[in-house]
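Notes for the one structure printed next.
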Amino acid sequence: MLIQPRTLKGFRDYPPALMIPREGLLEKARRTFRSYGFAPIDTPALEYAEILTGKGGDESDKQLYRFKDHGDRDVALRFDLTVPFARFAAENIGQLGTPFKRYAMGPVWRGENTQRGRYREFWQCDFDTIGTTSNASDIEIVLVIHDLMRSLGLERFRIHVNNRMVLNGLLEEIGLAGKTTDALRALDKLAKVGRDGVLAELGEKGVAAEAGNKLLDLAQVQGTNDEILAHLERDFGGNAKTAEGIRRLRELLGVVRTAGIDDARLRLDVAIARGLDYYTGTIYETFLDDLPTIGSVCSGGRYDNLAGLYTKQQLPGVGASLGLDRLIAALEELKMLPNVATPAPVLMVQFQAEYLGRYQAMARTLRAEGIGVEVYPEPKKIGAQLQYAEKRGFRLALIAGAEEFEKGVWKLKNLAAREEKTVAAGEVADAIRPALAGG
RNA sequence: GUGGGUGUAGCUCAGUUGGUUAGAGCGCCAGAUUGUGGAUCUGGAUGUCGGGGGUUCAAGUCCCCUCACUCACCCCA
């Protein structure tokens with residue numbers, strides 16, 4: 001009896017067509033993080049359950065993959081990279097010193113129901129700064145998100161920002177301080193369920209219609225980012241928390257603008273709150289203009305108390321996380337993924353088997369020049385080999401037989417253009433480079 | 001986790017009120033074409049109808065269970 005080959009719900013295989021762009025995105029993300037001075041770290045997939053529970057709220061506890069290991073230890077798979085980082089920081093901050101900036105990329109697991117762009121195993125690319133409450137770090141996160149998205153080839157996106165202090169202050173002022181979580185969760189759905197929907201949910205949670213309306217009025221203030229801030233300040237600037245939140249947001253907008261980023265990229269959105277309980281200040285979400293329904297592809301915020309669960313030392317932090325698999329799902333849907341199943345751009349046609357040695361010699365020469373070359377393994381008909389090359393997404397093919405070797409030349413074929421030119425043996429690499437440069 | 005939808009060839013799908021050997025397009029393979037792939041022609045292979053069980057003389061079609069995908073809720077990357 002054969003075992004049926006299959007994967008678990010929410011867990012996936014990654015064929016070359018997914019893995020090649022995936023590795024490309026990871027490489028670009030890595031370069032961006034490093035360019036800002038974030039240093040790489042990694043932490044285990046498995047942690048003591050007590051490290052992870054109670055950090056993201058009830059919901060993330062429910063979603064935890066949790067079990068007893070062979071030593072009867074209560075363990076769980078990480079559901080994000082931020083909580084393990086807080087544990088790591090608490091353990092090692094003495095050696096690391098502050099401020100400390102790190103990036104980490106790896107899989108996380110959440111046992112929730114699947115949906116488009118939503119899996120039970122997915123990769124996050126996290127970047128965080130800990131050890132400082134300086135708003136400069138909050139602002140830098142916006143710059144990183146922006147440059148990250150651009151480096152990944154995305155132009156049409158918008159970074160939504162908010163600050164929990166603004167919301168917390170507002171809630172205090174309208175008498176909802178005790179219902180912060182309920183109120184924020186309801187408010188978070190504004191874009192989805194509309195004003196009446198939010199009011200209804202607030203009503204269920206015991207919030208009076210008057211307070212609910214007040215909250216919504218504020219969350220729905222229209223205008224430019226600056227106008228919204230001015231409006232909030234006028235009405236609630238007297239509250240210390242709100243005032244501080246506004247100050248930070250205003251500085252953020254100003255610095256980002258001065259740093260040369262288009263205002264239209266940033267959207268002050270008082271309605272976003274984020275479900276994770278550990279956020280305390282600035283909040284970020286990033287949406288694709290062409291596919292907003294897939295959700296935020298890069299989110300995060302400031303968490304000033306997270307590491308406090310593991311150490312008495314004050315370790316505030318701020319950061320965000322790129323949802324790699326969700327982003328790839330979006331790119332796939334937007335047909336922005338190249339249909340390439342080969343990581344090497346050049347196919348060496350095995351035209352006449354007796355010249356295999358010469359083919360391999362040329363392939364090695366090119367590889368030494370940094371050009372990826374695959375030598376076709378069988379001396380099949382040239383047409384068949386070219387067809388293989390096109391199907392896999394090779395850019396160029398090299399062809400040579402007795403005639404060419406006699407003259408000391410190679411035929412270099414551009415697969416897409418179906419154009420062929422003859423190149424002297426010593427100039428093959430030079431001829432290939434410009435042909436590959438054009439995207 | 002809750003509720004709705006879907007699941008037929010590699011892909012996109014058709015398949016009438018249950019009724020013989022389950023179809024189309026595209027793709028794939030071989031040949032026409034033993035130094036060159038987008039065309040044409042000829043020939044060819046395609047499937048446990050997601051899986052299991054049941055009703056029936058008879059199930060792709062009806063019922064139950066299960067798995068996966070998908071949408072909504074919830075939550076989130």
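Numbered from 1 within each chain, the chains take letters A, B, ... in sequence-line order.
- The nearest heavy atom of RNA chain B to A:L324 and to A:K411 marks one nucleotide each, and the one closer to the 5' end goes with A:K411.
- In this structure, B:G60 makes no Watson-Crick or G-U wobble pair, since no nucleotide meets both defining distances under 3.5 angstrom.
- Remark: P of B:C76 and CD of A:Q63 are 8 Å apart, rounded to the nearest angstrom.
- When heavy atoms are screened at a 4.0 angstrom cut-off, A:G111 is found touching no nucleic acid atom at all.
- Across all strands shown, B:U20 has no partner, as no Watson-Crick or G-U wobble contact with both distances under 3.5 Å is found.
- Rounded to whole Å, atom P of B:U36 lies 19 Å from atom CG of A:N414.
- Distance noted for atom C1' between B:U33 and B:U42: 13 Å (whole Å).
- The nearest whole Å value for the distance from the CD atom in A:E112 to the P atom in B:C74 is 13 Å.
- Look at the P atom in both B:A30 and B:G38: the space between them is 13 Å, to the nearest Å.
- No engagement by A:K391 is indicated, since no non-hydrogen atom pair under 4.0 Å with the nucleic acid exists.
- Residue contacts for A:G383: at a heavy-atom cut-off of 4.0 Å it reaches the sugar-phosphate backbone alone, with no base atom in range.
- What separates CG of A:N113 from P of B:G1 is a distance of 7 Å, to the nearest Å.
- Taking atom CD on A:E332 and atom P on B:U70, their separation rounds to 11 Å, with Å as the unit.
- The shortest non-hydrogen separation linking A:Y119 to A:A329 is OH-CB, 3.4 Å.
- The phosphate of B:C69 has OP1 or OP2 within less than 4.0 Å of a side-chain N or O from A:K9.
- Counting distance only, with no hydrogens placed and no angle test, the side-chain atoms of A:K381 and the base atoms of B:U34 include no donor-acceptor pair under 3.5 Å.
- Put simply, CZ on A:R118 is 11 Å from P on B:U70, counting in whole angstrom units.
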Compile the donor-acceptor pairs under 3.5 Å between side chains in residues 396-406 of chain A and protein atoms, sequence neighbours left out, one pair per line.
residue	atom	partner	partner atom	Å
A:E404	OE1	A:G401	N	2.9
A:E404	OE2	A:K411	NZ	3.2

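- When the P atom is compared between B:C26 and B:C69, the two are found 32 Å apart, to the nearest whole Å.
- As the counterpart of B:G37, no nucleotide is assigned, since no Watson-Crick or G-U wobble pattern has both distances under 3.5 Å.
- Between the side chain of A:Q385 and the base of B:G35, no donor-acceptor pair under 3.5 Å is found.
- Classification of A:R392 and A:E374 as a salt-bridged pair fails, no side-chain N sitting under 4.0 Å from a carboxylate O.
- Phosphate proximity of B:G37 to A:R418: absent, as no side-chain N or O sits under 4.0 Å from OP1 or OP2.
- B:A14 is unpaired under the Watson-Crick or G-U wobble criterion, no partner having all donor-acceptor distances under 3.5 Å.
- When the P atom is compared between B:G53 and B:U46, the two are found 26 Å apart, to the nearest whole Å.
- Taking a cutoff of 4.0 Å between a charged side-chain nitrogen and a carboxylate oxygen, A:E333 and A:R116 qualify as a salt bridge.
- With both ends at atom C1', the span from B:C49 to B:G3 equals 27 Å, rounded to whole Å.
- Looking at heavy-atom distances under 4.0 Å, A:F351 makes contact with a base.
- Of all non-hydrogen atoms in A:E378 and A:Q350, the two that sit nearest each other are N-OE1, 3.4 Å.
- A distance of about 15 Å separates the C1' atoms of B:A45 and B:G31, rounded to the whole Å.
- Taking atom CD on A:Q352 and atom P on B:U36, their separation rounds to 12 Å, with Å as the unit.
- Salt bridge status for A:K68 with A:D74: absent, with no side-chain N to carboxylate O gap under 4.0 Å.
- With sequence neighbours excluded, the residues forming a side chain to side chain contact (heavy atoms under 4.5 Å, CB included) with A:T133 are A:R248, A:R302, A:D304, A:P316, listed by chain and number.
- With a cut-off of 3.5 Å on both pairing distances, the Watson-Crick or G-U wobble partner of B:U42 is B:A30.
- Comparing B:G35, B:C75, B:G37 by their closest approach to the side chain of A:E390 singles out B:G37.
- A gap of 27 Å separates the C1' atoms of B:A68 and B:A24, to the nearest Å.
- When distances run from any side-chain atom of A:L386 to the nucleotides B:G35, B:U70, B:U36, the shortest one goes to B:U36.
- Between A:Q115 and B:A72 there is a side-chain polar atom (N or O) within less than 4.0 angstrom of OP1 or OP2.
- For A:R326 against B:C76, a side-chain N or O and a base N or O form a donor-acceptor pair under 3.5 Å.
- When the C1' atom of B:U36 is taken as reference, atom CD of A:Q387 falls 11 Å away, rounded to whole Å.
- The base-pairing partner of B:G3, taking Watson-Crick or G-U wobble contacts with both distances under 3.5 Å, is B:C71.
- Each of A:A384 and A:D325 was assigned the nucleotide of RNA chain B with the nearest heavy atom; the assignment lying further toward the 5' end belongs to A:A384.
- Across all strands shown, A:E404 has heavy atoms under 4.0 Å from base atoms, whether or not it also approaches the sugar-phosphate.
- Taking atom P in both B:G47 and B:U66, the straight-line distance is 30 Å, to the nearest Å.
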Test salt bridge (charged side-chain N to carboxylate O under 4.0 Å, His left out) applied to A:R265 and A:E155, step by step: CA-CA 9 Å; A:R265 296 272 192 211; A:E155 293 295 337; 3.2 Å; yes

